[in-house]
There are 2 protein chains.
Amino acid sequence: MTQKRVSIKDVAKRADVSIATVSRVVNKTDNVTPQIYERVMDAIKELGYSPNTAARSLVKQRTNAIGIVVNNLHDPFFHDLIKGFEMAAQQTSYSVVFCSALGGDVKSKEAYVKYLSNGVVDAVILYGSYFSDESVVRYLQESRKIEYVMIENDVPGLACNKLLINNYGGAKNAVKYLINKGHTRIAHICGNPNKKVTIERFNGYIAAMQESHLEVMDGFIQYSSTDYKSGFERMNALLDLKEPPTAVFCSDDAIASYAVRAAFDRGLRVPEDISVMGFDNQTILPDRYRGPEITSVEQPLYTIGMDSIRLVSERLKSGQAEEPVIRTYETKIVEKETVCEYRKR
Amino acid sequence: MTQKRVSIKDVAKRADVSIATVSRVVNKTDNVTPQIYERVMDAIKELGYSPNTAARSLVKQRTNAIGIVVNNLHDPFFHDLIKGFEMAAQQTSYSVVFCSALGGDVKSKEAYVKYLSNGVVDAVILYGSYFSDESVVRYLQESRKIEYVMIENDVPGLACNKLLINNYGGAKNAVKYLINKGHTRIAHICGNPNKKVTIERFNGYIAAMQESHLEVMDGFIQYSSTDYKSGFERMNALLDLKEPPTAVFCSDDAIASYAVRAAFDRGLRVPEDISVMGFDNQTILPDRYRGPEITSVEQPLYTIGMDSIRLVSERLKSGQAEEPVIRTYETKIVEKETVCEYRKR
DNA sequence: TATAATCAAGAAAACGTTTACAAAAGGAAT
DNA sequence: ATTCCTTTTGTAAACGTTTTCTTGATTATA
């Protein structure tokens with residue numbers, strides 16, 4: 001099928017020049033006389049030559065490529081983030097490649113990071129909120145092979161580029177928003193226990209409740225499994241309580257959508273009977289969802305995607321060692337249809 | 001930031017052996033005595049060595065990687081396809097990387113294909129239905145640099161691996177399905193004019209109508225712009241007709257969702273007042289859509305994603321030149337909520 | 001016309017591997 | 001003790017580039 005590569009040597013022979021000259025023509029790195037330039041260009045066209053990336057990378061010690069590693073590329077959660085990556089990729093001179101580790105599989109993620117680190121790309125952008133992602137970023141840090149930036153996962157004390165999201169603050173604001181709506185009986189459905197954001201958002205919930213001197217009733221904290229579908233059962237558990245909450249803050253929109261379904265299945269109205277709030281402002285939900293639009297907390301994923309590529313490409317261009325960049329992005333509440341004022345029934 | 005690479009030489013020096021021996025240890029390609037093995041392994045660990053991919057690729061003339069190039073990776077249309085790629089990637093020993101060309105930009109797509117072809121991967125999987133994709137696949141064919149498979153885009157007479165979808169047949173069946181439901185006034189909203197599938201599905205529509213001796217009324221064929229949102233105006237144009245259709249076959253679900261909205265906005269019921277059918281069975285729509293689930297035509301994208309990776313990896317493993325594989329996948333109608341029997345009003 | 005200065009092109013080293021081949025070392029058989 | 005295998009290790013070429021250094025040619029300057 002595939003035939004023998006045509007190399008710079010073949011071109012040189014054809015144009016009757018040295019390989020150095022061919023290289024100069026290809027890279028426009030040095031002057032060559034017009035006739036020779038022509039001759040070389042003709043040979044290149046005739047033979048269909050294009051320079052081998054591996055060889056070039058080897059000698060130049062850089063690849064002009066950036067790698068992005070995420071967990072489940074197919075997850076609609078990534079919609080905006082990918083869009084951000086794509087947009088910035090288009091504007092940069094670097095080639096951008098995505099790698100996806102299926103499930104929460106650390107091994108696979110680690111494998112991709114190693115693969116990329118060893119001369120495939122100049123920088124890696126790593127997205128991940130799993131606790132297990134810490135080991136991956138540690139590898140990146142310790143091997144010190146390439147530039148990288150970590151998105152969303154703050155390993156405290158690790159001096160690397162980090163683009164973080166204020167999940168704690170976002171969750172706290174969300175709960176305070178509910179409190180301002182007059183709610184006092186506010187429950188929380190936690191997310192995937194293997195993710196850091198779950199803890200951060202949980203802490204935000206607790207902090208908001210405490211600051212407002214509101215009691216977290218027995219059973220008001222519901223722990224999901226790794227499957228967001230468990231939002232359904234968790235909501236049912238809340239509604240089974242003798243005195244159920246009047247508002248529920250969910251760790252993410254996927255869970256929230258299942259919580260809303262659970263309420264609907266019991267003949268409750270959302271938000272009139274119970275308010276539901278999510279996180280992520282995920283306009284595209286993994287499963288078909290037909291309920292009201294979920295009031296949520298938006299994180300600027302599009303911006304973060306753009307910024308991450310810009311950050312690494314600037315750092316690569318500058319070349320010298322700089323202080324790591326650590327940036328925290330704030331979230332904002334997006335008011336939609338699943339929260340309303342508390343009204344005594 | 002990044003410090004000097006540790007190479008096989010460093011390991012050899014540290015373990016006081018030749019670089020060949022280190023290579024043998026790393027690749028388990030040949031026997032080494034246990035003591036030396038230990039010594040080398042220790043040195044590798046101490047120095048944190050891992051072999052450089054570029055150098056290895058250069059000498060071995062293969063990279064053990066497969067590249068996938070698509071147009072808008074963020075598009076939820078790709079959900080199942082990506083899942084298929086991911087699943088197969090997990091099972092293969094190849095590293096799999098995705099590249100995304102934003103918009104319908106051929107230049108960008110071509111650039112990625114060239115980049116990948118020149119020693120970055122061993123095979124390319126190209127997805128695309130744009131007419132402009134033809135030039136990309138032609139490049140792949142003529143350069144004969146690497147193994148590749150084209151998904152969805154049939155360039156007639158080009159002897160390459162093709163995984164195709166029977167869009168023509170799928171569309172024809174869809175329209176016949178509507179005819180069987182008693183509809184005779186059936187309109188068609190075409191899709192993005194730059195895509196081949198648009199023509200194929202259009203032809204399927206025409207064929208079904210002709211075979212059933214049904215007339216395509218004036219104005220029954222509506223041409224969208226490149227934006228699927230134009231399904232909205234196109235549907236309005238249909239409904240503005242003196243004698244509007246009783247069923248509309250849309251070139252894809254995104255358009256269909258906008259068609260349904262347009263009908264709703266006029267106070268019409270779907271499917272009671274007008275039936276709408278889509279294509280793709282896209283469970284996740286690009287925009288928030290809250291109407292009934294769209295009766296559609298499903299293409300086995302998950303399977304195709306899996307198969308494409310399996311195909312190229314098998315071909316790479318076998319090594320010898322084989323006949324190109326051309327496979328056409330059939331679609332199937334998924335009955336949902338936007339089509340019903342025609343009933344005189 | 002000689003000399004310096006500029007410029008174009010080639011030769012060869014280097015990048016980090018793998019691998020064919022050579023060499024050495026160890027054992028077994030004579 | 002010598003020869004002959006077998007096994008382990010080392011040497012060096014190769015992969016396809018870029019780039020430093022040299023050389024040779026041309027032009028400018030005196």
Side-chain angles (χ1 to χ4, degrees), chain A residues 2-41 43-44 47-65 114-115 117-120 122 145-146, chain B residues 2-40 43-44 47-65 114-115 117-120 122 143 145-146:
Chain A
T2 61
Q3 59 192 25
K4 199 181 166 316
R5 282 234 136 79
V6 16
S7 83
I8 198 171
K9 262 188 205 160
D10 304 314
V11 177
K13 203 170 291 171
R14 177 83 155 224
D16 195 32
V17 293
S18 74
I19 59 169
T21 303
V22 177
S23 175
R24 282 189 267 258
V25 168
V26 170
N27 299 297
K28 304 187 201 324
T29 180
D30 226 333
N31 284 348
V32 291
T33 51
Q35 309 105 291
I36 293 218
Y37 182 87
E38 278 302 314
R39 236 164 59 211
V40 172
M41 283 309 258
I44 287 175
L47 298 173
Y49 167 76
S50 54
N52 181 289
T53 312
R56 179 178 279 176
S57 303
L58 190 57
V59 45
K60 299 196 78 160
Q61 298 285 60
R62 60 194 166 73
T63 63
N64 277 312
K114 281 186 183 163
Y115 158 68
S117 306
N118 290 313
V120 175
D122 295 332
K145 278 179 197 276
I146 52 171
Chain B
T2 60
Q3 58 191 28
K4 200 184 164 316
R5 283 237 136 79
V6 17
S7 81
I8 198 171
K9 263 187 203 160
D10 305 313
V11 177
K13 203 172 291 173
R14 176 81 156 227
D16 196 32
V17 294
S18 74
I19 59 170
T21 303
V22 177
S23 175
R24 284 189 266 258
V25 169
V26 170
N27 300 296
K28 305 188 199 325
T29 180
D30 226 333
N31 283 349
V32 291
T33 52
Q35 308 106 290
I36 293 218
Y37 181 87
E38 277 302 314
R39 248 179 30 225
V40 172
I44 287 175
L47 298 174
Y49 167 76
S50 52
N52 180 290
T53 312
R56 179 179 281 176
S57 302
L58 191 56
V59 46
K60 299 196 79 161
Q61 299 284 58
R62 59 194 166 75
T63 63
N64 275 311
K114 282 186 182 162
Y115 158 69
S117 306
N118 290 314
V120 175
D122 295 332
S143 68
K145 280 180 195 278
I146 53 173

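Throughout, protein chains are lettered first and strands after them, A, B, ... in sequence-line order, and every chain is numbered starting at 1. The figures that follow rest on heavy atoms only: side chains count, while hydrogens, waters and symmetry mates do not.
The nucleotide whose nearest atom lies closest to any side-chain atom of Q61(A) is, among dC15(C), dA9(C), dT18(D), dC15(C). The side chain of S7(A) approaches dT17(D) more closely than any other nucleotide in the set dG16(C), dT17(D), dC15(D). In the set dG16(C), dT18(D), dG10(D), the nucleotide with an atom closest to the side chain of L58(A) is dG16(C). Distances from the side chain of A55(B) to the nucleotides dG10(D), dA8(C), dG16(C) place dG16(C) closest. Side chain of K60(B), nearest nucleotide from dG16(C), dT18(C), dC15(D): dT18(C). Nearest nucleotide to the side chain of S23(B), out of dT19(C), dA8(C), dG16(C): dT19(C). You'll find that the side chain of Y49(A) is closest to dT17(D), out of dT17(D), dA12(D), dT9(D). Across dT17(D), dA8(C), dT18(C), the shortest atom-to-atom separation from the side chain of I19(B) is found for dT18(C). Taking every side-chain heavy atom of I8(A) into account, dT17(D) is the closest of dA20(C), dT17(D), dA8(C). Ranking dA8(C), dT8(D), dA9(C) by closeness to the N31(A) side chain, first place goes to dA8(C).
Spacing between atom CD of Q35(B) and atom P of dA25(C) amounts to 15 Å, rounded to whole angstrom units. The CD1 atom of I36(A) sits 6 Å away from the P atom of dG10(C) (whole-angstrom rounding). Between R62(A) atom CZ and dG16(C) atom C1' there is a gap of 18 Å when expressed in whole angstrom units. Distance CG (N52(B)) to C1' (dC15(C)): 8 Å, rounded to an integer number of Å. Across the protein-nucleic acid pair, K9(B) atom NZ and dA13(C) atom C1' stand 11 Å apart, rounded to whole Å. Nucleotide dT17(C) holds its P atom 8 Å from the CZ atom of R5(B), rounded to whole Å. With rounding to whole Å, R24(B) atom CZ is found 8 Å from dT9(D) atom P. Separating the NZ atom of K13(B) from the P atom of dT9(D) is a distance of 21 Å, rounded to the nearest angstrom.
A close approach under 4.0 Å does not occur between any side-chain nitrogen or oxygen of S57(A) and OP1 or OP2 of dC15(C). Side-chain nitrogen and oxygen atoms of T21(B) include none within less than 4.0 Å of the OP1 or OP2 phosphate oxygen of dT8(D). The phosphate of dA11(C) (OP1 or OP2) has no side-chain N or O of S18(A) nearer than 4.0 angstrom.
Judged by closest nucleotide on DNA chain D, D16(B) is the one of V59(B) and D16(B) placed further toward the 5' end. Taking for each of V32(A) and T29(B) the nucleotide of DNA chain C with the nearest heavy atom, the 5'-most of the two is the partner of V32(A).
Atom CZ of R14(A) is separated from atom CG of L47(A) by 4.5 Å, given to the nearest 0.5 angstrom. How far CG of N27(A) is from CZ of R56(A): 5.0 Å, rounded to the nearest 0.5 Å. The distance from the CD1 atom of I8(A) to the OH atom of Y49(A) is 4.0 Å, given to the nearest 0.5 Å.
Taking the side chain as every heavy atom from C-beta outward, K28(B) and Y37(B) approach each other to under 4.5 Å.
A distance-only check finds a donor-acceptor pair linking the side chain of T53(A) to the backbone of N118(B) [under 3.5 Å].
Nearest heavy-atom pair, G119(B) versus A54(A), reported as atom, atom and distance to 0.1 Å: O-CB, 4.1 Å.
Using a 4.0 Å heavy-atom distance criterion, N27(A) is classed as a sugar-phosphate-only contact.
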